[in-house]
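Below, each value reflects all heavy atoms present in this structure, side chains not excepted, and no hydrogens, waters or symmetry copies.
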Amino acid sequence: MNGYIKRNAFKVLVKWIFENQHKLQTIRWCSSSLRYKELEDSVQADHVAPSPTQKPHPQITPEISFKYEDLQVRLAAPYQLTPKPEAKELGFGKYFTDHMLKIYYHKELGGWQKPEIMPFENLNIHPAAKALHYAIQLFEGLKAYRGVDDKIRLFRPELNMERMNLAAQRSGLPMFDGEELVQCIKRLVQIDQEWVPHSETSTLYIRPTLIGIEPTFGIMTPESALLFVILSPVSAYYKASSDGAVSIFADPNVVRAFPGGVGNRKVGSNYGPTIEATARAAKLGHHQVLWLFGPDHQLTEVGAMNIFMVHINDQGDKQLSTPPLNGLILPGVTRRSIIELASQWEDIVVREEVITMERVIQLNQQGRLLEMFGAGTAVIISPISRVGFLEQNIDIPTMKQSNPVFQRVKDTLLAIQYGHVEHPYAKVIS
């Protein structure tokens with residue numbers, strides 16, 4: 001009888017620690033420490049730091065890709081764990097979880113090495129690494145959502161992997177099997193699962209990154225690379241107006257991308273040069289930049305989002321339009337999902353078509369322009385209420401619609417992501 005009571009008390013204690021570990025400061029354990037303790041002990045016993053003069057030994061890996069089955073796990077010690085912030089303090093990309101994933105590529109060692117999950121740490125790379133000098137790097141962005149059933153889901157991660165490989169191919173970086181990386185990411189999220197917010201206004205942002213680390217000058221394919229994944233609990237990407245809408249500035253004097261370039265790839269060199277233009281827009285009272293292209297001022301993207309427009313077309317039907325993928329525009333996962341989902345609705349026409357500022361102004365003057373909104377992983381849906389263009393401010397009646405399309409789209413996406421409905425787009429992490 002006494003043994004039964006002791007076992008019961010022990011189970012209650014373990015459950016309490018598991019549920020309240022984020023509140024503990026000095027004796028808090030990692031969210032999966034009980035589950036992975038045996039693995040941790042075995043890995044740490046075998047782990048020996050290499051000598052500075054010792055060359056790395058080749059690891060047996062497949063020709064084309066690393067494999068999830070080769071994944072090694074080294075868990076953070078209790079003193080390495082960091083306290084979790086409150087949801088209201090999150091912001092975007094300010095906090096990071098306790099672990100990260102690293103996968104090295106060395107051509108001289110046969111290519112991809114074994115993937116490893118380890119305690120979060122700073123990178124140690126040579127000052128001559130090609131990523132630092134020639135922007136030979138790329139990244140992705142996806143999220144883990146804690147559903148109403150407490151299950152954690154990813155949203156169409158295979159599309160992020162497809163896009164990441166296309167960017168790698170364009171950048172001279174090694175490609176890989178996307179499904180293998182998805183499995184490694186799932187394991188990483190499992191280990192740091194208590195960092196996935198218990199909220200439908202916050203998520204765990206997942207940032208896979210691939211950089212060229214060969215320490216040589218010269219613009220050529222790097223023979224060494226590093227693929228790493230870090231996790232960050234996030235809330236709103238940026239502050240909008242009181243009604244939730246944003247104002248955007250369309251400046252015809254700057255472009256985000258050009259034909260034959262890499263506007264359709266998620267590489268860092270697409271983003272750094274936008275900072276000055278965005279800051280200038282902010283000084284004029286706008287939240288983001290509407291990127292235009294060509295003498296006819298074609299709409300391409302807004303900030304780091306794809307752009308959509310809802311209007312009454314020439315046949316009198318309500319139409320949802322977005323610019324086509326012509327090489328200037330990132331093939332967004334949210335963009336593709338909106339097109340596919342809305343195409344199933346009988347009360348709206350969906351079109352990929354060229355949209356110009358002249359067309360926007362004309363539709364607005366005719367009272368046929370109903371809504372404009374941006375869409376992307378970070379913000380999901382961002383309604384637009386004003387466009388600054390050539391010394392004028394164009395008011396967009398997005399927030400005046402009784403049943404706005406942007407809200408319908410947002411509700412549909414969130415219902416899938418947070419498990420309110422079962423859908424093949426959502427991949428449950430077991």
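- Judged purely by atom type and a 3.5 angstrom limit, Lys143 uses its side chain to pair as donor or acceptor with the backbone of Thr377.
- Here the CD-OG1 distance, from Gln288 to Thr274, works out to 8.0 Å after rounding to the nearest 0.5 Å.
- Remark: the backbone N or O of Asp177 is not paired with any side-chain donor or acceptor of Asn165 at under 3.5 angstrom.
- Using a distance-only test at 3.5 Å, with no hydrogens or angles considered, no donor-acceptor pair links the side chain of Asp317 to the main chain of Ile348.
- Side-chain contact between Arg280 and Glu276: present, with at least one pair of heavy atoms (C-beta onward) separated by less than 4.5 Å.
- Between the side chains of Ser65 and Glu180, no donor N or O sits under 3.5 Å from an acceptor N or O.
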**salt bridge (charged side-chain N to carboxylate O under 4.0 Å, His left out) between Lys114 and Glu69, worked out** = CA-CA 9 Å; Lys114 291 182 179 180; Glu69 65 187 26; over 6 Å; no
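- Between Phe258 and Phe293, the ring centre distance reaches or exceeds 6.0 Å.
- Listed by chain and number, the residues in a ring-ring contact (aromatic ring centres under 6.0 Å, His included) with Tyr68 amount to none (sequence neighbours excluded).
- With hydrogens and angles disregarded, a donor-acceptor distance shorter than 3.5 Å links the side chain of Asn270 to the backbone of Arg265.
- Separation of the Phe92 and Tyr205 ring centroids falls under the 6.0 Å cut-off.
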Pairs under 3.5 angstrom only: tabulate donor-acceptor contacts from the side chains of residues 211-218 to other protein residues two or more places apart or in another chain.
unit_1	atom_1	unit_2	atom_2	d
Glu214	OE1	Glu223	N	2.6
Glu214	OE2	Thr216	OG1	2.9
Thr216	OG1	Lys130	NZ	3.2

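- Inter-residue side-chain proximity for Ile248 and Trp291 is flagged as unmet; no heavy-atom pair is nearer than 4.5 Å.
- In summary, of the residues considered (Leu173, Leu123, Leu210), a side chain to side chain contact (heavy atoms under 4.5 Å, CB included) with Leu226 occurs for Leu123 alone.
- With values rounded to the nearest 0.5 angstrom, Lys318 atom NZ is found 10.5 Å from Leu320 atom CG.
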**Request:** Take Ile125 and Leu132 through the side-chain contact (heavy atoms from CB on, under 4.5 Å) test and state the conclusion after the steps.
**Result:** CA-CA 10 Å; Ile125 61 175; Leu132 302 178; 4.1 Å; yes
**Request:** In sequence, state the C-alpha distance, the side-chain angles, and the governing distance for Phe228 and Phe120, and then conclude on ring pair (Phe, Tyr, Trp, His ring centres under 6.0 Å).
**Result:** CA-CA 11 Å; Phe228 63 91; Phe120 188 92; 9.2 Å; no
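- With Gln401 contributing its side chain and Pro397 its backbone, the two residues share a donor-acceptor pair below 3.5 Å.
- Looking only at side-chain heavy atoms (C-beta outward), Val289 and Val302 stay at 4.5 Å or farther from each other.
- Within the 3.5 Å criterion, the main-chain N or O of Ile384 finds a donor-acceptor partner in the side chain of Thr398.
- Relative ring orientation between His286 and Phe249 is described as parallel, the plane-to-plane angle staying below 30° on a 0-90° scale split at 30° and 60°.
- Between Met164 and Leu181, some side-chain heavy-atom pair lies under the 4.5 Å cut-off.
- In terms of modelled atom types and a separation under 3.5 Å, the side chain of Glu371 and the main chain of Phe406 share a donor-acceptor contact.
- Looking at every heavy atom in both residues, Pro233 comes nearest to Leu90 through O-CD2, 3.7 Å.
- Checked against the 6.0 Å centroid threshold, Tyr418 and His420 do not count as a close aromatic pair.
- Between Glu200 and Val148, some side-chain heavy-atom pair lies under the 4.5 Å cut-off.
- No donor-acceptor pair under 3.5 Å is formed between the side chain of Gln80 and the backbone N or O of Pro119.
- The two residues Ala277 and Val254 make their nearest non-hydrogen contact at CB-CG2, 4.4 Å.
- A donor-acceptor pair under 3.5 Å links the side-chain atoms of Trp112 to the main chain of Met175, judged by distance alone.
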**Request:** Please lay out, stage by stage, how Arg256 and Glu301 fare under the test salt bridge (charged side-chain N to carboxylate O under 4.0 Å, His left out).
**Result:** CA-CA 8 Å; Arg256 174 190 167 274; Glu301 293 192 6; 3.4 Å; yes
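- The salt bridge (charged side-chain N to carboxylate O under 4.0 Å, His left out) pairs that include a residue from residues 339-350 are Arg156-Glu340, Arg336-Glu340, Asp347-Arg408, where partners are two or more places apart or lie in different chains.
- Side-chain N or O atoms of Asn306 include none that pairs as donor or acceptor with a backbone N or O of Pro331 at under 3.5 Å.
- A distance of 11.0 Å separates CG of Leu330 from OG1 of Thr300, quoted to the nearest 0.5 Å.
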**Item:** Evaluation steps, side-chain hydrogen bond (donor to acceptor under 3.5 Å, both in side chains), between Tyr271 and Lys266
**Value:** CA-CA 9 Å; Tyr271 296 85; Lys266 206 166 181 67; 3.2 Å; yes
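- Between Asp150 atom CG and His198 atom NE2 the span is 6.0 Å, to the nearest 0.5 Å.
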**Prompt:** After noting the C-alpha distance and the side-chain angles of Thr209 and Leu138, does the key distance pass the side-chain contact (heavy atoms from CB on, under 4.5 Å) rule?
**Reply:** CA-CA 6 Å; Thr209 307; Leu138 57 97; over 6 Å; no
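- Proximity of Gln319 to Val350: side-chain heavy atoms (C-beta onward) are nowhere separated by under 4.5 Å.
- Rounding to the nearest 0.5 Å places NZ of Lys186 at 6.5 Å from CD1 of Ile429.
- Looking at Leu154, Asp192, Val196, Ile152 one by one, the single match for side chain to side chain contact (heavy atoms under 4.5 Å, CB included) with Leu204 turns out to be Val196.
- Under the 30°/60° scheme for interplanar angles, the aromatic rings of Phe373 and Phe308 are found to lie parallel.
- Judged by distance alone, the side chains of Thr82 and Asp98 do bring a donor and an acceptor atom under 3.5 Å apart.
- Nearest heavy atoms, Ser382 versus Met305: CB-SD, 3.9 Å.
- Nearest heavy atoms, Glu194 versus Lys84: O-CE, 3.3 Å.
- Between Arg163 and Glu140 there is a salt bridge, since a side-chain N of the basic residue sits under 4.0 Å from a carboxylate O of the acidic one.
- Summarising the geometry of Gly376 relative to Thr334, their closest heavy-atom pair is C-OG1, 3.4 Å, with the distance given to 0.1 Å.
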**Message:** Run Leu341 and Val409 through side-chain contact (heavy atoms from CB on, under 4.5 Å) and show every step you take.
**Reply:** CA-CA 8 Å; Leu341 291 168; Val409 167; over 6 Å; no
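- Side chains of Ser224 and His106: a donor-acceptor N/O pair is present below 3.5 angstrom, by distance only.
- In this structure the side chain of Lys94 never reaches within 4.5 angstrom of the side chain of Ser232, judged on heavy atoms.
- Taken to the nearest 0.5 Å, the OG1 atom of Thr322 stands 8.0 Å off from the CD1 atom of Ile338.
- Annotation for Pro157 and Leu142: closest pair CB-CD1, 3.9 Å, computed over non-hydrogen atoms.
- Taking 4.5 Å as the limit, some side-chain heavy atom of Arg153 sits within range of a side-chain heavy atom of Lys151.
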